Number of protein chains: 2
Amino acid sequence: MSAQEAELLEKAVDRVETLPARSVVTRRGDRLRESTLLIEGAMCRYLDARDGYRQLLAYHLPGDFVDMHGYTLHRLDHDVATIVESRVATIPHERIDGMMRDHPRLAWMLWRSTLLDAAMHREWIFRLGRLDAAGRLAHFLCEVADRMEAIGRVKDGVFALPLTQQDLGEACGLTSVHVNRTLRRLREDGIADIARGEARIFDKPRLARVAEFDPDYLYLDGGPWAEPQD
Amino acid sequence: MSAQEAELLEKAVDRVETLPARSVVTRRGDRLRESTLLIEGAMCRYLDARDGYRQLLAYHLPGDFVDMHGYTLHRLDHDVATIVESRVATIPHERIDGMMRDHPRLAWMLWRSTLLDAAMHREWIFRLGRLDAAGRLAHFLCEVADRMEAIGRVKDGVFALPLTQQDLGEACGLTSVHVNRTLRRLREDGIADIARGEARIFDKPRLARVAEFDPDYLYLDGGPWAEPQD
DNA sequence: CGGAGCGTTGAAAGCCCTCAACGTTTGTGG
DNA sequence: CCACAAACGTTGAGGGCTTTCAACGCTCCG
């Protein structure tokens, strides 16, 4: 992303707010007139099940648009919430209209960001459909580790992951009890650990093997704002 | 979609081909220079697991673009294959470039189609993460029924569904054996049945209840080519 | 007519869930 | 700074859903 485009995006921002932890930002069915860029913190998207449990659909890091698809679809089919206190920038859709018209490359980048979302969704389907508990947690850890790495937030295999075992269960289709047992297993095997809001990866190759993980789908070769290659 | 836009799309088509059943069209990692519109037949997208099993990611009906995301991402992160013999139209990406530039409304529609894909992905995540075997099959049936309905291919609750029990298992994260047992249950309970390439829905309300299904995410209120509402 | 793929059924084992209890950490107000 | 409560994490036992393994019938097609 060029400096000029970054500036354009920045100028489109209506306001920057700080949202409290564990707060719902948008509800399923809400009509959207602006999109949200996560600047600092952590957010998630989820669907509610009848029994009161949630199914997480996405975990968002700083730099992610959490609801750019709402720009085109106009309403959301799921809920959006913060995990921890988060700073977000809000961009009115009408300003995006102008950017789409006058800056096709920026339009291309916004489209691309929604497609990366979809690519992650596909990998979540794989995770839930084909992996056992250890594989699912390992796969989730691999994805978040690589994405955190891409924004320079991993140090010696350690990065912030402010999710409870309940949250991890809601992401991986497991109960918090089984998440606990499975994490213990990963820890005792010297593979990885999650504790006190931090993830620690001891043995990345083994973690990736357990997860059947291939970071291909993250399209990290050029970063989220990579430009067209031809 | 206006007649003019349909004509534009049609003129962008390079060729129309017939692909044999059960053939792989694109492999993970392939570099794409054209996109594929399914005209007649049935196709799917999937990821391979280590054990040789697949995880289906999407099931495609006539009228679906099966790889429009490849236009922006340039390579695919999963495989695309036919289920039955299928007729497809191929549209070179360079011709889409022109359409994007000159016809913003058409561009908007193509973007929208990829976002509908993502919305379906999310519902597949929910299906796999939160529902039991009966719920997963019921949810899949509800989705396909509504999408088939939208293209006028449901008659008295019956529609074509040329998937084997193995395929259904690969879509729902189940073994074919358990798909068999679960389908028998749904049949004996008078809810629905899949046999000889056809699905029969006996009791839609009950099916939807088992599936915790809400068709909201299909955005059918305006059809896949619905225009911006404001 | 034969074979291969698909569908069906049974039995046993395994993974994960449920229920329950208790220890630990975190955050808040006195 | 301490005390307390609430949320979170941990562990055990038992049960249920799904898988695995195996066998056999059916259907379709060469």
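Source: prediction; values computed, not measured. Every chain is numbered from 1 and lettered A, B, ... according to where its sequence line falls, protein lines coming before strand lines.
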Keeping B:His93 on the side-chain end and B:Ile91 on the backbone end, is there a donor-acceptor pair under 3.5 Å?
no
Roughly, in whole Å, what's the span from CG in B:Asn180 to P in C:dT9?
7 Å
Are the side chain of A:Gln55 and the backbone of A:Glu170 linked by a donor-acceptor contact shorter than 3.5 Å?
yes
Considering only heavy atoms of chain A and a distance under 4.0 Å, specify the first and last nucleotide of DNA chain D in 5' to 3' order that meet this criterion.
D:dC8 to D:dA13
Would you mind classifying the nucleic acid contact of A:Ala133 as base, sugar-phosphate or nothing, using non-hydrogen atoms under 4.0 angstrom?
sugar-phosphate
Should the pair B:Lys204-B:Asp146 be classified as a salt bridge under the 4.0 Å nitrogen-to-oxygen rule?
yes
Pairs under 3.5 Å (N/O, protein and nucleotides 18-21 of chain C):
residue : atom : partner  : partner atom : Å
C:dT18  : O4   : A:Arg181 : NH2          : 3.2

Whole Å only: how far is the CG atom of A:Leu137 from the P atom of C:dC15?
16 Å
Over all strands shown, is A:Gly173 touching base, sugar-phosphate only, or nothing at heavy-atom distances under 4.0 angstrom?
sugar-phosphate
Exercise: identify the closest heavy-atom pair between B:Pro162 and B:Val84:
CB-CG1, 3.5 Å
Looking at B:Arg28 and A:Asp214, is any side-chain nitrogen of the basic one under 4.0 Å from a carboxylate oxygen of the acidic one?
yes
Specify whether A:Phe126 and A:His139 have parallel, tilted or perpendicular ring planes, treating 30° as the upper limit for parallel and 60° as the lower limit for perpendicular.
tilted
Looking at A:Pro92, is its backbone amide N or carbonyl O close enough to the side chain of A:Arg33 to form a donor-acceptor pair, meaning the two atoms are under 3.5 Å apart?
no
When you check the side-chain N and O atoms of B:Asp77 and A:Tyr219, is any donor under 3.5 Å from an acceptor?
yes
Rounded to whole Å, how long is the line connecting atom CG of A:Leu183 with atom P of C:dC16?
13 Å
Pair A:Asp117-A:Thr114, side-chain donor/acceptor within less than 3.5 Å:
no
Whole-Å distance, B:Asp132 CG to C:dC15 C1', equals 16 Å
Tell me: CG of A:Leu168 to P of C:dC17, nearest whole Å?
13 Å
Taking N or O atoms only and anything under 3.5 Å, show me the protein contacts with nucleotides 3-6 of chain C, one pair per line.
none

Salt-bridge criterion met for B:Asp189 and B:Arg206 (N-O under 4.0 Å):
no
Side chains of A:Leu207 and A:Cys142: does their closest heavy-atom pair fall under 4.5 Å?
yes
